[in-house]
S.K.: 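A single structure is presented below for examination.
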Amino acid sequence: MTTFRGVDHVGVGVADTDAAVRFYGQVGFGDVLFDYTGDVPGPDRRARVVMLANAGATPIGPGRIKLVQVLDGDGPPPPPAGGGWGELGICEICLHARGVAGVHRQLVAAGADSLMEPLDAAVDPHEVSLDIAYVADPWQGKLELIEWTGLWKSLPGGPRAEGVNHVAFGVADIDRTRAFYEQLGFTEMLFESTEFFDPMAPWYPGEPPGQHMIMLLSAQGAGIEPVVLAPPGPDCRGEWGHIGPFEFAVGVGNLEQGVARLRDLGVELRGAPQTLDVGTGEWRYAYFRDPDDLHVSLVEARY
Ligand SMILES: [Fe+2]
């Protein structure tokens, strides 16, 4: 029986991999697990792909970041236009942080723009407290910082960003998404909100939409935060490898068994499972179709 291991990593499209490696290195993602340049079957692009881990990651922020620079065609596809937050497509990477205000200051010093100053809140239905802040990375990707003060404490120490805590993405039907990802191990709901989150109002080009968001956790790996906007807004899924956060992957211990489980569940694969030699080992993945046709894959990390 396959155990799905939550979100393993979030993929971010970049135009300059070296600059992005330097930036994310300053954010704590200093471990380069592989640095691969070549064909990427599945999406069928030629790309440079760098998998980054954070040595300070704890179980509450275990996810990694994958940088992708598309090299063929016209190069990296531009970011989808008109996105505020929560339109169809991947819209943020959230890092768990110890000391959100301190990490926010560090990121701004490293070249990020502040999108939301640090604030604290508590979320329903469990009244779990948290501190959050947002920055845009130098390529305008939304990077959230969160400290789940009411849920779990970081290891002791100074302010620091850990690994990925969750990934946010826009969907068309929140119940359909919840039912789908529940089958992939995201069984626990940490919060649900149907109220518009006011500090995000400046992010939308026009009148802010209604927001309905939930956060779903898996026993392992990072969580997911699907959002439905009303009205829906533009389609921000974009091409594979577009600049900014564009995909995420669910971890499995064994790709063949993970794929077999998807088949049992009636989930359609988008092409054959792939194994790439990335120098430090093998990157094994299989893209599949979720209810909103987002860029999502299973990954077995052997690197
Ligand atoms: Fe979030």
Side-chain angles (χ1 to χ4, degrees), residues 6-12 27 54 57 60-65 83-98 100-101 103-104 107 112-126 128-137 140-152 154 161-171 174 177-178 181 186 188-204 208-218 221-229 233 236 244-248 250 292 294 296:
V7 171
D8 177 272
H9 67 259
V10 182
V12 189
V27 184
N54 187 320
I60 205 160
R64 295 164 173 172
I65 289 178
W85 187 86
E87 297 81 9
L88 216 48
I90 313 298
C91 61
E92 81 174 24
I93 301 173
C94 177
L95 308 180
H96 196 258
R98 178 176 180 85
V100 164
V103 178
H104 182 262
L107 286 184
D113 294 325
S114 176
L115 284 179
M116 192 188 292
E117 293 296 307
L119 59 92
D120 57 56
V123 283
D124 292 330
H126 307 300
V128 179
S129 60
L130 60 123
D131 295 337
I132 62 165
Y134 273 89
V135 298
D137 72 17
Q140 300 308 304
K142 288 189 172 72
L143 210 48
E144 182 182 13
L145 302 170
I146 200 162
E147 182 167 11
W148 287 105
T149 53
L151 187 63
W152 204 84
S154 301
E162 300 177 348
V164 173
N165 175 264
H166 65 262
V167 55
F169 51 91
V171 303
I174 213 139
T177 293
R178 187 176 177 186
Y181 282 101
F186 296 89
E188 305 306 323
M189 189 170 77
L190 177 56
F191 81 86
E192 174 163 35
S193 171
T194 52
E195 273 170 37
F196 183 74
F197 188 39
D198 261 342
M200 290 181 173
W203 300 358
Y204 294 92
Q211 294 176 327
H212 181 186
M213 61 184 97
I214 58 177
M215 189 165 302
L216 301 174
L217 300 183
S218 173
I224 57 175
E225 186 182 26
V227 190
V228 172
L229 300 183
C236 291
F246 72 93
E247 71 167 0
F248 65 92
V250 174
D292 295 280
L294 303 176
V296 286

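The first residue in the sequence is number 1, and the count goes up from there. Counting convention: from 1, in listed order, for ligands and their atoms alike.
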S.K.: Are E117 and Y134 close enough that a side-chain donor and a side-chain acceptor fall under 3.5 Å?
M.R.: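 Distance-only check fails for E117 and Y134.
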S.K.: For the Fe ion (ligand 1), which N, O or S atom of E225 is at the shortest distance?
M.R.: OE1
S.K.: Using 30° and 60° as the class boundaries, would you call the ring planes of Y204 and F196 parallel, tilted or perpendicular?
M.R.: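 Ring orientation of Y204 relative to F196: tilted.
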S.K.: Please work out the angle at the Fe ion (ligand 1) defined by atom OE2 of E92 on one side and atom NE2 of H166 on the other, rounded to 10°.
M.R.: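 Between OE2 of E92 and NE2 of H166, at the Fe ion (ligand 1), the angle is about 90°.
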S.K.: Where the side chain of Q211 meets the backbone of F197, is there a donor-acceptor pair that is under 3.5 Å apart?
M.R.: yes
S.K.: Is it the case that the side chains of D131 and W148 hold a donor-acceptor pair, with the cut-off being a distance below 3.5 Å and no angle test?
M.R.: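 There is no such pair (donor and acceptor under 3.5 Å, judged by atom type) between the side chains of W148 and D131.
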S.K.: Taking just the N, O or S atoms of E144, which one is nearest to the Fe ion (ligand 1)?
M.R.: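 Restricting E144 to its N, O and S atoms, the minimum distance to the Fe ion (ligand 1) goes to OE1.
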